[in-house]
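Reviewing the structure listed below.
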2 protein chains.
Amino acid sequence: MATTETPAEPLSIGQVAERTGLSVHALRFYEREGLLVGPVRRTAGGRRRYTAADVDWLLICVRLRESGMPLADLKQFAELVRRGPGNEAERLQLLDAHQRRVEEQIQALEECRSVIAWKVGVYAEHLARDEAGGLWDPTVRDGLRPS
Amino acid sequence: MATTETPAEPLSIGQVAERTGLSVHALRFYEREGLLVGPVRRTAGGRRRYTAADVDWLLICVRLRESGMPLADLKQFAELVRRGPGNEAERLQLLDAHQRRVEEQIQALEECRSVIAWKVGVYAEHLARDEAGGLWDPTVRDGLRPS
DNA sequence: CTACGATCTGGAGCGAGGTCTAGATCAAGT
DNA sequence: ACTTGATCTAGACCTCGCTCCAGATCGTAG
């Protein structure tokens, strides 16, 4: 699982930002919103020190967000984890539901892709004809009826 | 490509909402934003009358939006079409760029899906073990407590 | 000691993409 | 004529997910 080659040394917020792709602003924001499982440790002076586990969790969060999970769901998931063992079924349900949504999303995107590809094809063909020596009738306004 | 079995009879905004999936609010909003190619016709009384071509365009818009094209790009595309023939190369470029973005999106989603699937697997296995007779540490009692 | 960059907090601000309200008008049924 | 429901306009408002400030503090390098 060693997602970040777990060096056991805690990381600063900037370092975590680098390796998660989240901004330091976003990291603080996530924390305020209760999206992290545990409270983040601090130095004597009050600076955040993230553990490897924190980073791993954040990397999961990033994937879930990328795939469109709303922060509210992420928060709920974090809460379940925070409460400790005993609610694994709920966690599974949450993830499973999301997984299905992701699959639907992929489906939808693939349909879109094919519609767009068809449109691209129409334009490409149009341009080919055009450049290849003007069978293009200048009196016809844009032959692409099913726009 | 009779997307809506083009009855040549113009449609009310409500009917268009039904067959595009956009709300009437969104339809008016899109119009204000200049996302439509032509100006929508009106009845004597001022009600919008959409043509089949309008609906076809909107259906394309819906696909482009679904696949994450920002309204700004949609607007630009509409402007190109509005200006008439002569800029097909630009239109093609716009669509082609979007198509590539959609493909990247699908890629990304598929990676997410596999990460999530792995997580789901972890929980499923955990639950299976748990229900099948507890290698699960019995000193950790069910985390349910009066919260 | 001094500088300088990174981080801290609380809260304001922002961009995208709509959504909703108010108050008026239109159109159709009875 | 009356009622009902769909539509009209302009503009205020909303959610989401951050982003950015101001002003203070920390921590390290010289």
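Chain letters run A, B, ... following the sequence lines, proteins first, then strands; residues in each count from 1.
Between the CD atom of A:E31 and the C1' atom of D:dC18 there is a distance of 16 Å, rounded to whole Å. Taking atom CD of residue A:E18 and atom C1' of nucleotide C:dA6, one finds them 12 Å apart after rounding to whole Å. The separation between A:F29 atom CZ and C:dG11 atom C1' is 13 Å, rounded to whole Å. Taking atom CG on B:L27 and atom C1' on D:dC8, their separation rounds to 14 Å, with Å as the unit. B:Y50 places its OH atom 7 Å from the P atom of D:dC8, with the value rounded to the nearest Å. Rounded to whole Å, atom C1' of C:dG17 lies 16 Å from atom CG of B:L64. For B:R49 and D:dC8, the CZ to P distance is 9 Å, given to the nearest whole Å. Between the CD atom of B:E33 and the C1' atom of C:dG18 there is a distance of 10 Å, given to the nearest Å.
With respect to the salt-bridge test (charged N to carboxylate O, under 4.0 angstrom), the residues B:R100 and B:E103 do not qualify. Between B:R101 and B:E104, none of the side-chain N atoms (NZ, or NE/NH1/NH2) sits under 4.0 Å from a carboxylate O, so this pair counts as no salt bridge.
Where A:G46 and A:A26 meet DNA chain D, the nucleotide closest to each residue was compared, and A:A26 sits on the side nearer the 5' end. Nearest-nucleotide assignment on DNA chain D puts the 5′-proximal partner with A:H25, out of A:H25 and A:A44. Between A:R42 and B:Y30, the one whose closest nucleotide on DNA chain C sits nearer the 5' end is A:R42. Closest-nucleotide positions on DNA chain C for B:L71 and B:T43 were compared, and the one nearer the 5' end corresponds to B:L71.
Under 3.5 Å, the side chain of A:R32 and the base of C:dT9 form no donor-acceptor pair of N or O atoms. One N or O donor and one acceptor, one from the side chain of A:R47 and one from the base of D:dT25, sit under 3.5 Å apart.
Contact between the side-chain N/O atoms of A:R48 and the OP1/OP2 oxygens of D:dC26 is not found at any separation under 4.0 Å. Not one side-chain nitrogen or oxygen of A:S23 sits closer than 4.0 Å to the OP1 or OP2 atom of D:dC18. The side chain of A:S12 contributes no N or O atom lying less than 4.0 Å from OP1 or OP2 of C:dA6.
For the pair B:L127 and A:A89, the tightest heavy-atom approach, listed with the atom from each and the gap, is CD1-CA, 3.6 Å.
No more than 12 heavy atoms of other residues, nucleotides or ligands shown are found within 6.0 angstrom of CZ on B:R41.
Side-chain N or O atoms of A:Q99 include none that pairs as donor or acceptor with a backbone N or O of A:A97 at under 3.5 Å.
Using a 4.0 Å heavy-atom criterion, one finds that A:R28 contacts the bases of the nucleic acid, with or without backbone contacts as well.
Comparing C:dT7, D:dG17, D:dC8 by their closest approach to the side chain of A:I13 singles out C:dT7.
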